[in-house]
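What you see is a predicted model; the values in this text were computed from it and never measured.
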Amino acid sequence: YGGDEFAIIAPETGIDELEMLAGRLVDGVRETPLVDWDGSTIPLSISVGGAVMLSADSVKVDGLLAAADASLYQAKQSGKGRCGVIAGFGTAVPATS
């Protein structure tokens, strides 16, 4: 997305599913050390943030990206190898019967 940040678009993914995906990303990077040319191991970590669009009717992409960026900032502030709080963005669509 820019600099050392990238975006993942996960269609039809809810908050719980996105939290699991973010956790798997953090754990996967942590569990995959980089081996240097001299054989030494270099630990890796990432910070992950995210946002879920609850309703396509009331959300603009800029707002969704801003919510995800705020989540990422929160993760970075809490230390290396962390997930920010994944939150819903926009108005939830009421269930119909």
Side-chain angles (χ1 to χ4, degrees):
Y1 184 68
D4 61 347
E5 298 176 357
F6 63 93
I8 296 174
I9 299 171
E12 300 180 27
T13 302
I15 293 173
D16 292 340
E17 295 163 317
L18 188 56
E19 286 175 343
M20 287 191 305
L21 174 60
R24 287 195 331 253
L25 288 168
V26 169
D27 292 344
V29 169
R30 181 184 308 121
E31 294 167 2
T32 309
L34 178 66
V35 179
D36 200 358
W37 64 271
D38 64 358
S40 61
T41 301
I42 302 169
L44 301 175
S45 67
I46 60 171
S47 299
V48 177
V52 173
M53 183 183 299
L54 298 176
S55 169
D57 296 332
S58 63
V59 177
K60 294 189 178 187
V61 173
D62 290 344
L64 184 64
L65 289 173
D69 194 51
S71 174
L72 177 59
Y73 181 77
Q74 186 245 356
K76 288 180 177 182
Q77 292 299 315
S78 64
K80 291 184 177 181
R82 304 260 199 269
C83 294
V85 174
I86 308 294
F89 183 78
T91 305
V93 178
T96 57
S97 48

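Across all non-hydrogen atoms, the minimal contact from A75 to C83 is CB-C, 3.7 Å. Scanning both residues, S71 and G50, for their nearest heavy atoms gives OG-N, 3.0 Å. Closest approach of E12 to E17, counting heavy atoms only: O-OE1, 3.7 Å. The minimum heavy-atom distance between A51 and A68, with the atom names listed, is CB-N, 3.7 Å. Closest heavy-atom contact between V26 and G81: CG1-O, 3.4 Å.
Interatomic distance, L65 CG to D69 CG, rounded to the nearest 0.5 Å: 8.5 Å. Note that the CG atom of L21 and the CD1 atom of I8 stand 5.5 Å from one another [nearest 0.5 Å]. E19 contributes atom CD, which lies 6.0 Å from atom CD1 of I86 (distance to the nearest 0.5 angstrom). Atoms CD and CZ, from Q74 and R82 in turn, are 10.5 Å apart once rounded to the nearest 0.5 Å. How far CG of L34 is from CG of L44: 5.5 Å, rounded to the nearest 0.5 Å.
Of the residues I15, T13, D16, the one that meets the side-chain contact (heavy atoms from CB on, under 4.5 Å) test with V52 is I15.
Not one N or O on the side chain of D36 forms a donor-acceptor pair closer than 3.5 Å with the backbone of D38.
One hydrophobic cluster, built from ILVMFWY side chains closer than 4.5 Å, holds both L18 and V48. Both I42 and I46 belong to a single network of hydrophobic side chains, linked directly or stepwise wherever heavy atoms of I, L, V, M, F, W or Y lie under 4.5 Å apart.
Ion pairing of R24 with D27 is absent here, as no side-chain N (NZ or NE/NH1/NH2) approaches a carboxylate O to less than 4.0 Å.
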